[in-house]
Amino acid sequence: MSGHDSKYFSTTKKGEIPELKEELNSQYKKSKGISLQDSNRGCISSGRIDMELLGIDHVMQLLRFGYDLMDEIYCMDKRKDAVKKVIAAMTVGKDVSSLFTDVVNCMQTENLELKKLVYLYLINYAKSQPDLAILAVNTFVKDSQDPNPLIRALAVRTMGCIRVDKITEYLCDPLQRCLKDDDPYVRKTAAICVAKLYDINAELVEDRGFLESVKDLISDNNPMVVANAVAALTEIQDNSVRPVFEITSHTLSKLLTALNECTEWGQVFILDALSRYKAADAREAENIVERVTPRLQHANCAVVLSAVKMILQQMELITSTDVVRNLCKKMAPPLVTLLSAEPEIQYVALRNINLIVQRRPTILAHEIKVFFCKYNDPIYVKMEKLEIMIKLASDRNIDQVLLEFKEYATEVDVDFVRKAVRAIGRCAIKLERAAERCISVLLELIKIKVNYVVQEAIIVIKDIFRRYPNTYESIIATLCESLDTLDEPEAKASMIWIIGEYAERIDNADELLESFLESFPEEPAQVQLQLLTATVKLFLKKPTEGPQQMIQVVLNNATVETDNPDLRDRAYIYWRLLSTDPEAAKDVVLAEKPVISDDSNLLDPSLLDELLANIATLSSVYHKPPETFVTRVKTTAQKTEDDEFAEGSEAGYPESSAHPVDGATSPPTSSSNVAYAGATQPAPAPSSSPPAAPVPDLMGDLLGMNNSSIVPVDQPSTPPGLPLPVLLPASTGQGLQISAQLIGRDGQIFYSLLFENNSQIPLDGFMIQFNKNSLGLAAAGPLQVPQLQPGTSAAILLPMVLFQNMSAGPPSSLLQVAVKNNQQPVWYFNDKISLHAFFTEDGRMERGSFLESWRSLPDSNEVSRDLPGITVNGVESTLDRLAASNMFFIAKRKHSNQDVFYFSTKIPRGVAFLIELTTVVGTPGVKCAIKTPNPEMAPLFFEAIETLLKS
């Protein structure tokens with residue numbers, strides 16, 4: 001819409017839908033007069049009507065023809081105005097979806113403006129009216145073959161923006177034609193459309209060969225087509241877990257050639273792609289940088305920052321110091337120029353420069369003056385300039401910087417003043433030779449007696465004392481003069497720390513601390529903790545009567561009168577130290593402290609690398625990795641039937657089913673040499689008898705094992721949850737029923753057991769052993785079960801250890817268990833190892849890590865299995881259930897009419913599982929594919945995932 005169309009937004013009418021409907025359907029009636037093909041058309045020549053040659057009837061018919069033409073134009077304008085009103089209503093949030101059919105009928109027009117408006121309406125409402133949107137398909141297909149390239153491009157662009165599966169099917173043929181269109185405008189539009197289509201249906205894009213067609217466009221002779229192809233492939237790569245767009249030496253040459261000729265945003269796309277390219281050697285990196293350096297002079301800020309990013313990435317490979325020095329000199333002027341733009345652009349530039357100077361401070365080492373704050377700079381710009389000035393401060397320019405900071409400390413903005421005072425302190429900590437000058441400036445600021453300036457100065461001076469101990473204590477007297485003005489917790493705590501740390505050099509240190517003690521109960525925890533420590537220091541340095549009385553008062557207040565556990569615990573520790581060994585207290589409290597450094601705003605090197613790779617994006621403004629605030633859905637490339645068959649054949653181990661109880665017919669072939677510990681809780685009624693005394697390990701004798709290393713453990717509480725599966729029924733166990741299951745809790749594996757005595761005699765002396773198994777499960781201590789009276793039960797939580805008793809052969813979920821007591825024979829039963837109990841809490845992965853891990857594992861490590869009996873009815877409930885078992889959701893995408901979910905998890909020893917679940921919600925059947933460094937564990941994993949999805 002043009003600037004004159006604001007009137008469409010100013011209507012206050014109600015119930016205007018019927019009127020709009022009538023206007024959208026306005027038609028003209030064509031008179032039955034002559035047409036331009038009439039036999040008398042010769043009477044009209046050179047735009048002049050020869051009235052003598054025409055009879056009166058023909059004249060009337062000619063007039064009617066003119067009227068029809070004017071009527072048609074009027075109706076066209078009326079429909080156009082109606083569509084504009086609809087778009088205006090849609091823009092302000094009104095529901096005009098009821099006009100869908102009427103608006104779609106206006107598509108059949110040669111008027112480009114009207115067609116654009118209708119397409120805009122379609123994009124907005126097609127998702128809510130997918131069945132009606134099909135009505136527009138024929139027009140889209142027809143427009144994609146229109147002689148006008150603008151209309152062809154408009155049709156393909158609109159079809160790509162309509163995220164409706166039914167329309168997507170019809171988009172393929174027009175898109176295929178447009179990717180090879182003669183007009184570059186159509187080709188560049190089609191390239192972007194491929195990226196949109198990939199987001200809707202990745203498999204369709206790959207099946208129809210669109211990716212290869214877009215890759216071919218990189219060799220196009222039109223630079224804008226090349227730029228859009230790069231933009232499309234980059235977007236597809238960001239949303240794919242498989243490599244899609246890899247720059248080769250041939251591609252590199254094409255991109256560098258197109259860089260000089262395409263538009264500014266095309267240059268941004270190409271530069272961003274080039275920044276991901278790793279040159280083969282230093283020479284190639286120098287050649288690339290040489291071709292890109294002219295972009296630093298561009299008028300567009302985005303192009304400049306993208307060029308800087310690309311050059312910084314390639315500079316890591318350049319070994320010549322002269323080349324690096326020259327590049328640093330070339331990058332300085334364009335970065336400085338960015339600071340003459342609008343404040344918002346200045347802020348973005350400053351946030352990026354903040355990252356750049358942490359890696360390459362020499363780039364702007366001589367340009368610190370451009371970061372001096374102006375009186376009319378917004379506060380957010382001033383704050384960023386201060387940060388950069390601190391980073392660029394050196395012995396050579398510190399005098400200029402201190403003059404600026406001192407000037408800023410007299411400003412009216414309190415936050416800015418505080419930041420300026422702290423900046424002086426940080427410079428003192430950073431530059432040892434300038435520390436004395438920084439302290440002189442701070443003392444001058446203290447003398448102006450502005451309360452918040454004084455308090456900030458005391459805070460930073462405390463840090464300076466920690467950086468340079470026993471160097472500048474002569475200024476303490478000046479600080480003490482401002483004691484009465486302190487009212488902020490951090491300033492009070494800093495002053496108290498100074499008094500305690502240098503108590504032996506302050507004559508009236510006890511009086512100064514006593515002035516704070518009067519309000520001890522009302523002080524914040526930060527101040528109370530410092531008061532406690534400072535008083536103890538004073539007592540240890542001056543063990544006279546005054547400090548002795550003070551320490552009694554402080555310790556009493558900190559232990560009896562406070563509810564703060566940190567303060568109370570510290571006071572008790574000091575009290576115990578002072579009462580038992582004062583010399584040890586001196587060694588602890590008066591120990592030499594490590595020297596601090598100014599690293600408060602330095603980023604971790606790995607994080608800095610990632611942020612520098614994302615210069616000119618929101619990541620570089622937030623100073624956070626993209627995955628912390630951007631959600632991307634990763635899609636996987638389609639697998640061929642042969643691949644799926646090969647993957648399926650790897651999962652050749654039979655699924656273990658529930659195992660029946662074997663009874664006491666035969667012992668296991670081998671058993672664990674580690675015994676178990678447990679926790680007891682009678683159920684449903686507590687046992688009246690006390691726990692049984694330790695008994696000799698008769699089970700070890702029976703099975704021929706040595707259990708001399710058994711040690712008792714504490715008894716944790718029994719876990720709540722679903723009923724445990726019965727593994728030894730009472731009918732088989734002579735009245736003893738045992739239910740058991742492996743569970744995971746707080747990173748520990750337990751064997752949860754329930755013993756029920758349905759016999760007529762008390763049972764005691766319980767012991768347990770496990771046969772060798774695939775995960776080497778064994779007990780962490782002995783099994784402790786109280787004496788079970790008839791009709792009672794006991795719930796036990798037995799801690800387990802892993803990888804102690806490994807079995808040979810392929811992994812199996814079979815867990816063979818033997819239990820005995822003093823009154824009955826040994827009972828043998830089979831349990832099932834549920835791998836999901838072993839999923840650890842550190843199995844969560846970021847999307848980027850998931851993508852890298854998936855790519856790094858070979859295809860031979862991918863195994864899949866169909867789970868036909870599983871139905872996913874609710875997505876949210878399923879995700880919550882899996883997350884509760886430490887199976888963490890990564891991403892979701894659409895694949896035809898199926899939903900594809902990606903998860904990550906780990907089992908002990910850091911074995912990761914990358915999971916892809918494919919299903920149609922509400923329909924039976926789930927396909928599970930996993931990638932893992934240990935594919936032999938796949939059968940156990942599939943059993944676990946089936947159990948989780950069934951629960």
So does [Y] get a backbone contact from the side chain of [X], meaning a donor-acceptor N/O pair under 3.5 Å?
X      : Y      : answer
Lys254 : Ile218 : no
Lys215 : Val244 : yes
Glu286 : Thr319 : no
Thr410 : Glu407 : yes
Ser853 : Ser849 : yes
Gln237 : Phe245 : yes

- Residue pair Glu235, Lys196: steps toward the salt bridge (charged side-chain N to carboxylate O under 4.0 Å, His left out) verdict: CA-CA 9 Å; Glu235 180 71 18; Lys196 295 177 180 178; over 6 Å; no
So, for [X] and [Y], which heavy atoms are closest and what is the spacing to 0.1 Å?
X      : Y      : value
Lys391 : Lys430 : O-NZ, 2.8 Å
Ala155 : Ser144 : CB-N, 3.9 Å
Val214 : Ala232 : CG1-CB, 4.4 Å
Leu312 : Met331 : CD2-CE, 4.1 Å
Met224 : Thr263 : SD-OG1, 3.1 Å
Ala285 : Ala279 : N-CB, 3.7 Å

One thing to verify: whether [Y] and [X] come together as a salt bridge, which I'm taking to mean a side-chain N less than 4.0 angstrom from a carboxylate O.
X      : Y      : answer
Arg847 : Glu627 : no
Lys419 : Glu411 : no
Arg426 : Glu387 : yes

[atom1]/[X]: more than 12 non-hydrogen atoms of other groups inside 6.0 Å:
X      : atom1 : answer
Lys116 : NZ    : no
Arg418 : CZ    : yes
Gln176 : CD    : yes
Arg283 : CZ    : no

First locate atom [atom1] of [X], then atom [atom2] of [Y], and finally report the distance between them rounded to the nearest 0.5 Å.
X      : Y      : atom1 : atom2 : result
Thr91  : Leu120 : OG1   : CG    : 7.0 Å
Asn614 : His623 : CG    : NE2   : 11.5 Å
Asn352 : Leu338 : CG    : CG    : 9.0 Å
Ile356 : Leu611 : CD1   : CG    : 11.5 Å
Leu339 : Ile345 : CG    : CD1   : 11.0 Å
Leu256 : Leu274 : CG    : CG    : 5.5 Å

- Query: Under 3.5 Å, is there a donor-acceptor pair between the Thr617 and Ser620 side chains?
  - Reply: no
- Query: Any luck finding a side-chain donor-acceptor pair between Ser606 and Asp604 under 3.5 Å?
  - Reply: yes
- Note on the structure: Exactly one candidate in Asp181, Asp220, Asp182 meets side-chain hydrogen bond (donor to acceptor under 3.5 Å, both in side chains) with Arg187; the answer is Asp220
- Could you tell me how the ring of Tyr408 sits relative to the ring of Phe416: parallel (under 30°), tilted (30 to 60°) or perpendicular (over 60°)? tilted
- In chain order, what residues pass the side-chain hydrogen bond (donor to acceptor under 3.5 Å, both in side chains) check against Thr189, with sequence neighbours excluded?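 For Thr189, no residue satisfies side-chain hydrogen bond (donor to acceptor under 3.5 Å, both in side chains) once neighbours in sequence are set aside.
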- Message: Test side-chain contact (heavy atoms from CB on, under 4.5 Å) on Phe269 and Ser306; report intermediate values, then the result.
- Response: CA-CA 9 Å; Phe269 292 139; Ser306 294; over 6 Å; no
Identify every side-chain donor-acceptor pair in residues 370-384 under 3.5 Å, counting partners at least two apart or on other chains, and give the distances.
from: Asp377; atom 1: OD2; to: Lys374; atom 2: N; distance (Å): 2.9
from: Asp377; atom 1: OD2; to: Lys385; atom 2: NZ; distance (Å): 2.9
from: Glu384; atom 1: OE2; to: Arg351; atom 2: NH1; distance (Å): 2.9

- Query: Applying salt bridge (Lys or Arg N to Asp or Glu O under 4.0 Å), which residue pairs with at least one partner in residues 326-346 are found, sequence neighbours left out?
  - Reply: none
